[in-house]
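None of the values given here were measured: they were computed from a predicted structure.
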Amino acid sequence: MPHHLADLGRPALLRGLTLTLPAADRAELSAGVRPAAETSCADTYSEGCFVPRAPWRAPTRHERAVLSGTPGPGALPGDWIAVVPVPGRVLAACTELRAASATGDAAAVDALIEGPIGRVALVEALRWATGLTDPARPGTRTPFLYGRTPAGNPTMTTGSHGRRVGLHVDSWDDGPLAERAAAANRVSANLGHRDRYLLFVNAPLRVMAAALRERDLLDGAADPRFALGQRFMTVFPRYPVTRLVVHPGEAYIAPTDNMLHDGYAEPHGQIDVQFSCRGWFVAPG
């Protein structure tokens with residue numbers, strides 16, 4: 001396998017994840033991806049990472065039709081993404097935390113999260129999230145509240161080594177490719193005062209694998225933890241990343257173990273506060 005693969009032309013948007021939105025103008029598409037090593041903040045990224053390539057644009061009518069829809073009755077957790085409102089009772093429990101986030105005082109936010117106020121907010125958020133789960137598979141996993149100061153980098157997630165990882169696939173359960181669509185999905189609530197964004201490739205892992213297999217380019221890259229996504233972005237550097245805006249008081253539900261993704265927030269002097277947990281959440285409606 002050569003170290004670099006030629007871009008096989010600008011690919012059409014593949015049918016994959018169904019995006020359920022409260023409004024039609026929530027999503028934008030990038031011009032593809034590029035190595036993080038080519039950016040001005042390359043020293044903050046791990047080796048071999050990819051990030052979205054600007055500029056961003058509105059999807060065409062056809063692309064919007066490919067992206068949007070309502071999951072069918074038999075849809076698996078790994079088949080769809082949705083944006084849902086956060087209930088007022090959850091936001092009310094986070095009043096002091098949200099007020100501190102607006103000041104930009106990271107130490108104050110961290111202290112509130114670790115203290116009684118944060119614990120009450122976390123319990124209320126968990127009650128709400130648990131109500132979104134499949135009754136046949138109730139309960140949630142890995143819940144946490146956290147605050148970050150947006151730095152304006154193309155992506156936000158950092159690894160255990162302290163460097164950003166770029167567009168990536170979660171592997172909380174470390175399942176094989178064939179089981180990723182049925183893995184637990186994630187709810188992530190925007191509890192701050194500014195918009196934040198979910199960045200993702202709309203082709204889930206099985207669709208990426210099929211696109212590579214059709215071109216005899218899957219060999220050696222079927223591992224969903226890292227290799228599959230890296231191979232897809234190397235082969236299709238002009239395949240668009242979708243940027244989905246999540247307003248304050250909203251949450252996204254997404255299968256982060258089954259798709260390339262990351263988060264983004266503009267630097268604005270405030271703390272980006274989020275609640276997140278995993279579970280088998282059902283599609284709204």
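Residues satisfying the salt bridge (Lys or Arg N to Asp or Glu O under 4.0 Å) test with Arg148, not counting sequence neighbours, are none. Tyr146 meets the ring-ring contact (aromatic ring centres under 6.0 Å, His included) test with Phe144; sequence neighbours excluded. Here Arg15 pairs with nothing under the side chain to side chain donor-acceptor pair (under 3.5 Å) rule; sequence neighbours left out. Checked against salt bridge (Lys or Arg N to Asp or Glu O under 4.0 Å), Asp134 has no partners two or more places apart in sequence or in another chain. Every salt bridge (Lys or Arg N to Asp or Glu O under 4.0 Å) that Arg278 has, sequence neighbours left out, goes to Asp173. With sequence neighbours excluded, no residue forms a salt bridge (Lys or Arg N to Asp or Glu O under 4.0 Å) with Arg164.
No path of Ile, Leu, Val, Met, Phe, Trp and Tyr side chains, each step under 4.5 Å between heavy atoms, connects Val245 with Phe275, placing them in separate hydrophobic clusters.
The structure places CG of Leu228 at 9.5 Å from CE of Met233, a figure rounded to the nearest 0.5 Å. Atom-to-atom distance recorded for His261:NE2 and Thr256:OG1 is 4.5 Å, nearest 0.5 angstrom. Distance check: Leu112 CG to Ile117 CD1 gives 5.0 Å after rounding to the nearest 0.5 Å. Going from atom CG of Leu19 over to atom OG1 of Thr242 covers 7.5 Å, rounded to the nearest 0.5 Å. Here the straight-line distance linking atom OG1 of Thr20 with atom CZ of Arg26 works out to 12.5 Å at 0.5 Å rounding. The structure places CG of Leu97 at 10.0 Å from CD1 of Ile271, a figure rounded to the nearest 0.5 Å.
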>> Between Leu17 and Met259, is the side chain to side chain contact (heavy atoms under 4.5 Å, CB included) condition met? List the steps.
In response: CA-CA 9 Å; Leu17 298 168; Met259 68 182 196; 3.6 Å; yes
>> Run Asp272 and Arg194 through salt bridge (Lys or Arg N to Asp or Glu O under 4.0 Å) and show every step you take.
In response: CA-CA 8 Å; Asp272 181 36; Arg194 298 295 185 96; over 6 Å; no
>> Before you tell me yes or no, could you show the steps for Asn153 and Tyr264 under side chain to side chain contact (heavy atoms under 4.5 Å, CB included), namely the whole-Å CA-CA distance, both residues' side-chain angles and the distance that decides it to 0.1 Å?
In response: CA-CA 8 Å; Asn153 299 74; Tyr264 175 76; over 6 Å; no
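Counting Ile, Leu, Val, Met, Phe, Trp and Tyr side chains that sit under 4.5 Å apart, directly or through other members, Val51 shares a hydrophobic cluster with Tyr45. Hydrophobic cluster membership of Phe226, counting Ile, Leu, Val, Met, Phe, Trp and Tyr whose side-chain heavy atoms lie under 4.5 Å apart directly or via other members: none, as it forms a cluster of its own. Other members of a hydrophobic cluster containing Val165 are absent, since no ILVMFWY side chain comes under 4.5 Å of it, directly or through relayed contacts. Hydrophobic clustering, defined by side-chain heavy atoms of Ile, Leu, Val, Met, Phe, Trp and Tyr closer than 4.5 Å, leaves Val282 isolated from every other such residue.
Under the 4.5 Å side-chain criterion, counting only non-hydrogen atoms from C-beta, Glu250 is not in contact with Arg196.
A side-chain donor-acceptor contact under 3.5 Å links Arg180 to the backbone of Gly175. Using a distance-only test at 3.5 Å, with no hydrogens or angles considered, a donor-acceptor pair links the side chain of Gln230 to the main chain of Gly48.
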For residues 197-211, which side-chain donor-acceptor pairs fall under 3.5 Å, sequence neighbours excluded?
{"unit_1": "Asn202", "atom_1": "OD1", "unit_2": "Tyr239", "atom_2": "OH", "d": "2.5"}
{"unit_1": "Asn202", "atom_1": "ND2", "unit_2": "Leu14", "atom_2": "O", "d": "2.7"}

Side-chain donor-acceptor contacts of residues 120-130 below 3.5 Å, not counting sequence neighbours, with atom names and distances?
{"unit_1": "Glu124", "atom_1": "OE2", "unit_2": "Arg89", "atom_2": "NE", "d": "3.3"}
{"unit_1": "Thr130", "atom_1": "OG1", "unit_2": "Leu126", "atom_2": "O", "d": "2.7"}

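Of all heavy-atom pairs spanning Trp280 and Ala182, the tightest one is NE1-O, 3.0 Å. Considering every non-hydrogen atom in both Ser101 and Gly192, the closest pair reads OG-CA, 4.4 Å. In terms of heavy atoms, Val187 sits closest to Ala251 at CG2-CB, 4.0 Å.
When the shell of 6.0 Å around CD of Glu28 is examined, it contains more than 12 heavy atoms from other residues, nucleotides or ligands.
Each of Arg163, His161, His168 was evaluated against Ser46; a single residue qualifies, His161, per the side-chain hydrogen bond (donor to acceptor under 3.5 Å, both in side chains) test.
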